[in-house]
Amino acid sequence: MRIDVITLFPEYLDPLRASLVGRAQQDGRFALAVHDLRQFATDRHRTVDDSPYGGGAGMVMRADVWGRALDAVAGPDTVLVVPTPAGERLDQTLAAELAGAQHLVFACGRYEGIDQRVADVAAETMAVREISIGDYVLAGGEVAVLVMVEAVARLLPGVLGNPESAVTDSFGAGSPGLLEHPQYTRPPVYRGRPIPAVLTSGDHAAVARWQRDESLRRTARRRPDLLAVLDADTLDEADVAV
Ligand SMILES: COc1cccc(COC(=O)c2cn[nH]c2)c1
């Protein structure tokens, strides 16, 4: 997979050179290139934005500048991802879909956004996904790109030390719609608190039942909206009153 990011602040993407994502690049799991949008501005002042038609506060990023940037970076096999509060919601399913792409180009919007004709023209030749990472407004798309690249990269073959965790995580493929149960490790007692006895009972069936019950209990308490989509027999399997 190749990932290109176009941004006014290339240094914002430096964290992608660290840790799991950085190592995945070094291991050749994917290639990452970051491009400065301003290099595609042609006037003397390197203008990338202008006032919005229809009035309103703030500035909008110019289509002609973005058009030149995408001409240079994107092609017919590209999935163009535009992080925006107005996008479809990112979830683990969408992350997995993006992880299957050959080429992702992330367009980092700033100000009030990008002239809509950029996405409309791009959609004539490539897949375009306007994606939100949550219902709040950031100053620009860069942080959302860090989130999406990490969510995608950890799903690429060979990136996770333990591929199993991509399945058992909250929202992982293995337990759609349930939050992950609480986790414990040594020391056995921490500030007077032991761990749940079942976890050292050696009774694997009891452990599995405890884990599922804790997942259901936690989901019911924190994300009742997720329970609504669980089918009846999943709930029936539980030993807890949900
Ligand atoms: C492209 O247009 C805009 C306009 C305004 C801000 C941004 C940056 O993205 C976000 O703020 C965001 C993404 N998911 N949740 C919030 C992009």
Side-chain angles (χ1 to χ4, degrees), residues 3-16 21 32-41 46-75 78-101 103-155 169-171 179 222-223 225-226:
I3 298 178
D4 289 282
V5 184
I6 305 169
T7 168
L8 285 174
F9 299 98
E11 68 278 11
Y12 232 111
L13 283 300
D14 286 351
L16 292 180
V21 176
L32 173 75
V34 180
H35 310 268
D36 184 345
L37 177 70
R38 209 166 287 279
Q39 75 181 47
F40 297 98
R46 297 283 203 194
T47 312
V48 295
D49 63 331
D50 204 333
S51 305
Y53 281 122
M59 302 289 272
V60 174
M61 300 184 100
R62 292 169 57 109
D64 55 347
V65 178
W66 272 105
R68 281 192 290 274
L70 293 177
D71 288 348
V73 172
T78 299
V79 176
L80 172 64
V81 177
V82 184
T84 168
E88 60 183 298
R89 192 65 178 272
L90 179 71
D91 59 15
Q92 196 64 20
T93 303
L94 180 47
E97 183 185 335
L98 295 176
H103 184 212
L104 295 175
V105 172
F106 289 94
C108 296
R110 287 250 144 198
Y111 316 116
E112 299 313 306
I114 302 172
D115 186 305
Q116 188 57 43
R117 291 170 292 179
V118 174
D120 296 348
V121 165
E124 293 167 4
T125 53
M126 69 190 80
V128 179
R129 304 296 286 269
E130 298 190 49
I131 298 177
S132 165
I133 63 166
D135 293 338
Y136 40 79
V137 183
L138 302 168
E142 289 80 6
V143 169
V145 171
L146 293 176
V147 167
M148 290 190 230
V149 169
E150 182 160 319
V152 166
R154 66 186 291 279
L155 297 177
D169 282 354
S170 290
F171 310 107
L179 301 185
R222 299 180 182 174
R223 293 291 306 276
D225 58 297
L226 293 176

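Just follow the structure's listing: the first ligand is 1, and inside any ligand the first atom is 1. These numbers come from the heavy atoms of this one structure, side chains and all, not from hydrogens, waters or symmetry mates.
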Report each N/O pair between ligand 1 and the protein that falls under 3.5 Å, naming both atoms.
residue: ligand 1; atom: 11 (O); partner: Leu138; partner atom: N; Å: 2.8
residue: ligand 1; atom: 14 (N); partner: Ile133; partner atom: N; Å: 2.9
residue: ligand 1; atom: 15 (N); partner: Gly134; partner atom: O; Å: 3.0

Exercise. Could you pull out all residues at least two apart from Met59 that satisfy side chain to side chain contact (heavy atoms under 4.5 Å, CB included)?
Key: Asp49, Ser51, Tyr111

Quiz item: Glu142 versus Val5: any side-chain heavy-atom pair under 4.5 Å?
Solution: no

Quiz prompt | Min side-chain heavy-atom separation His103-Met126 under 4.5 Å | solution = no

Quiz prompt | Pairs involving residues 32-41, ordered by first then second residue, that meet side chain to side chain donor-acceptor pair (under 3.5 Å) (sequence neighbours left out) | solution = Asp4-His35

Quiz item: Does anything in residues 118-127 pair up under side chain to side chain donor-acceptor pair (under 3.5 Å), and if so which pairs, sequence neighbours excluded?
Solution: Gln116-Asp120

Practice problem: Go through Leu70 and Ile6 one step at a time and tell me if the side chain to side chain contact (heavy atoms under 4.5 Å, CB included) criterion holds. | Solution: CA-CA 9 Å; Leu70 293 177; Ile6 305 169; 3.7 Å; yes

